[in-house]
Amino acid sequence: MGIRIHNTLTRRKEDFRPIEPGHVGIYVCGPTVWDYMHIGNARPFVFFDVVRRYLRYRGYIVRYVQNFTDVDDKIINRANQLGLDPMVMAEDYIKAYFEDAGALGVAAADVHPRASLHIEEIIAMVQDLIAKGYAYEIDGDVYFSAAKDPQYGSLSGQSLDDLKAGARVEIDERKRAPEDFALWKKQKPGEPAWPSPWGPGRPGWHIECSAMVREHLGRTADIHGGGSDLIFPHHENEAAQSRAANGAPLANYWVHNAFLNIDGEKMSKSLGNFIVPREIMKRYRPETLRFFLLSAHYRSPLNFTEDQLKAADASLERLHNALAVLEQWQAVTSREVMDDEERKLLGRLTAHRERFIAAMDDDFNTADAISALFELTRDVHATMGPGSSKELVGAVIGLYHELGDILGLLRREAPATLDDEVERLITERQEARRRRDWAESDRIRDELAGRGIILEDTPQGIRWKRK
RNA sequence: GGCGACAUAGCCAAGUGGUAAGGCGGAGGUCUGCAAAACCUUUACCCCCGGUUCGAAUCCGGGUGUCGCCUCCA
């Protein structure tokens, strides 16, 4: 009856039990800020945003932490290519992240820690790991010795031997073993660096998350999430470091989303087959991309095509229409008392809500939860009308917003306004219709359509919307 | 080569033992001045072959195919 979450570590769904009852600490791997996010990157951000919203809806006090990797090879390379200061460039892409995330309805995390601002904590953890015998320094670099961790490989389900057998990358001769990974990297010319006991250098990729989880959530996070490509090596290594340093698991529930593919292939910057949210939002309402990303279960790969985006937009339109119609009814109805049929529907609202909740409880099944919204919609259309009672209409609108807020959809928009010219045309058209001058009426409707205003004549008057 | 996912209608996608949700698209109809919105009807040999079971899309085994990971990756 509670929330169940698929745990990458155990490969099955488990009942969710936070460490501290009523509180949840979530850490999600955020972007490496070397470029704009693309819609593949957007998938985890949107999904985990929903996880957070849902946990809050279910009454948990959620602490949500999402980092920015702002010290990294890719950032340095890019900045050097462009002749920019890496930290300045990172700052610009952090700003861009917030713009894109905001447009997607992804709220800011409670904390957005940055690697560059946690150097002290990182150094402390590396020192600790050396002291405990898990790490070793070679000439300014520090490596973690994977073989020292008996559980190494447990997250990705690979043994050290498997990994050695499959190794496809050049072995760094400085390391004692190929599976060892860098905790601290000695400064190379032209790279940003911080002083450390091993000389100037910068943190390796994996250590930042371990240090920042400990700093902001304590030794063990309830949920640690990210894209499935992070399972190995990133999360495997994080888990190993934190286990070694803290004697406690980094996270109790590991949650990984599948990829967004395009033309059947993983969308990635290195393949060059990526699309950026800001481009999509020029052509579709902002919610469309979010709806699309939530239309499949997060552990299923999702293939991006223009047709699917159109279909998502059409689907979302149906929900928006339902809400708009309800709002129109709300404005015209004066009936206070519900009749028997309405009382039955009011009862069914609970069933619709419960179906939605059951879907979300079951490993955040957003696709199934969305279908509950459509079932609600059909029920509403079949049962209600402009004469429905105020109370029922209000309750239904309330439910749309209650459930829509969990998914970050059906956002309340500021009441749209029309300019005087458009108002005048609509009035003229109404007069033409009164005269039964259909030619003039249709001409005005077409003209307004050309300006992006769609008119619908209803018995309760004109309804308009933009598109 | 190793590890792991996935395969459900024209498209997308839920469904983990009891006889296939939902959406988009298509077809027909109702309503409408015409539209739109909405409603009704309609649109599935659940990849293949075995097995377990009274019963399998669902469990097990074997194929086939697609995808991901194997130290840049959400």
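Chain letters run A, B, ... following the sequence lines, proteins first, then strands; residues in each count from 1. The shown structure was predicted, so the numbers you read here are calculated from the model rather than taken from an experiment.
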Chemist: Look at the side chain of Ser315(A) and decide which nucleotide, out of A35(B), C24(B), U71(B), has an atom nearest to it.
Modeler: C24(B)
Chemist: Side chain of Ser156(A), base of G4(B): donor and acceptor closer than 3.5 Å?
Modeler: no
Chemist: What I want to find out is whether Glu91(A) reaches Arg114(A) closely enough, with some N-O distance under 4.0 Å, to be called a salt bridge.
Modeler: yes
Chemist: The side chain of Ala296(A) is closest to which nucleotide in this list: A21(B), A13(B), C69(B)?
Modeler: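 From the listed options, A13(B) comes nearest.
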Chemist: From the list U71(B), G33(B), A14(B), which nucleotide is the closest neighbour of the side chain of Trp438(A)?
Modeler: G33(B)
Chemist: Can you tell me the distance, in whole Å, between the NE2 atom of His234(A) and the C1' atom of C69(B)?
Modeler: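 To the nearest whole Å, that distance equals 15 Å.
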Chemist: Between Asn365(A) and G15(B), does any side-chain N or O lie under 4.0 Å from OP1 or OP2?
Modeler: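 Yes, within the criterion.
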Chemist: What integer number of Å spans the P atoms of C47(B) and A20(B)?
Modeler: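 Those two atoms are separated by 15 Å.
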Chemist: Measuring to OP1 and OP2 of A14(B), would you say a side-chain N or O of Ser295(A) lies under 4.0 angstrom away?
Modeler: no
Chemist: Can you tell me the distance, in whole Å, between the CG atom of Leu326(A) and the P atom of A37(B)?
Modeler: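 Distance, rounded to whole Å: 16 Å.
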Chemist: Going by modelled atom types, is there a donor-acceptor pair between the base of C34(B) and the side chain of Asp457(A) at under 3.5 Å?
Modeler: yes
Chemist: Nearest to the side chain of Arg445(A) - G33(B), G22(B), U71(B)?
Modeler: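 Among G33(B), G22(B), U71(B), the one nearest the side chain of Arg445(A) is G33(B).
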Chemist: For Arg378(A) and A37(B), what is the distance between atoms CZ and C1' respectively, to the nearest whole Å?
Modeler: 17 Å
Chemist: Considering only the P atoms, how many Å lie between C12(B) and C67(B), rounded to the nearest integer?
Modeler: 15 Å
Chemist: Within a strict 4.5 Å, meaning less than it, do heavy atoms of the Phe304(A) and Ile280(A) side chains meet?
Modeler: yes
Chemist: Can you name the ring-ring contact (aromatic ring centres under 6.0 Å, His included) partners of His352(A), sequence neighbours left out?
Modeler: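 ring-ring contact (aromatic ring centres under 6.0 Å, His included) list for His352(A), sorted by chain: empty.
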Chemist: With RNA chain B as reference, determine whether Lys13(A) or Tyr152(A) sits nearer its 5' end, using the nearest nucleotide of each.
Modeler: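 That would be Lys13(A).
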Chemist: Rounded to whole angstrom units, what separation is found between the CG atom of Asp363(A) and the P atom of A14(B)?
Modeler: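 Interatomic distance, CG of Asp363(A) to P of A14(B): 12 Å.
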Chemist: So does Arg299(A) reach the base of C6(B) with its side chain, donor to acceptor, closer than 3.5 Å?
Modeler: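 Answer is no: no donor-acceptor pair is held.
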Chemist: Checking contacts here: which listed nucleotide (A74(B), C70(B), A13(B)) is nearest the side-chain heavy atoms of Pro44(A)?
Modeler: A74(B)
Chemist: Look at the side-chain N and O atoms of Lys266(A) and state whether any lies under 4.0 Å from the OP1 or OP2 oxygen of C69(B).
Modeler: yes
Chemist: Check the phosphate of G4(B) against Arg11(A), side-chain N and O only, distance under 4.0 Å to OP1 or OP2. Yes or no?
Modeler: no
Chemist: Starting at CD of Gln308(A) and ending at C1' of A13(B), how long is that distance when rounded to a whole Å?
Modeler: 9 Å
Chemist: Under a 3.5 Å cutoff, is there a donor and acceptor pairing between the side chains of Thr10(A) and Glu14(A)?
Modeler: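 Indeed, the side chains of Thr10(A) and Glu14(A) share at least one donor-acceptor pair under 3.5 Å.
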Chemist: Under 3.5 Å, is there any donor-acceptor pair linking the side chain of Asp368(A) to the base of G22(B)?
Modeler: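 For Asp368(A), whose side chain was compared with the base of G22(B), there is no donor-acceptor pair (under 3.5 Å).
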Chemist: Applying the Watson-Crick and G-U wobble criteria at under 3.5 Å, what pairs with U52(B)? Answer none if nothing qualifies.
Modeler: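 Paired with no nucleotide.
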Chemist: Just to confirm, is there a sub-4.0 Å distance from OP1 or OP2 of G23(B) to any side-chain nitrogen or oxygen of Arg318(A)?
Modeler: yes
Chemist: Does Phe259(A) have Lys266(A) sitting over its ring (NZ/CZ under 6.0 Å from centre, angle to axis within 45°)?
Modeler: yes
Chemist: Check whether NZ of the Lys or CZ of the Arg Arg176(A) lies under 6.0 Å from the centre of the six-membered ring of Tyr136(A) and within 45 degrees of that ring's axis.
Modeler: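 Judged by the rule, Arg176(A) and Tyr136(A) form a cation-pi pair.
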Chemist: Is there a Watson-Crick or G-U wobble partner for U58(B) with both distances under 3.5 Å, and which nucleotide is it?
Modeler: none
Chemist: Return the value, rounded to whole Å, for the distance between atom CG of Leu260(A) and atom C1' of U66(B).
Modeler: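 Distance check: Leu260(A) CG to U66(B) C1' gives 16 Å.
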Chemist: Rounding to the closest angstrom, what is the interatomic distance between C60(B) and U42(B) at atom C1'?
Modeler: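 So the two C1' atoms sit 38 Å from each other.
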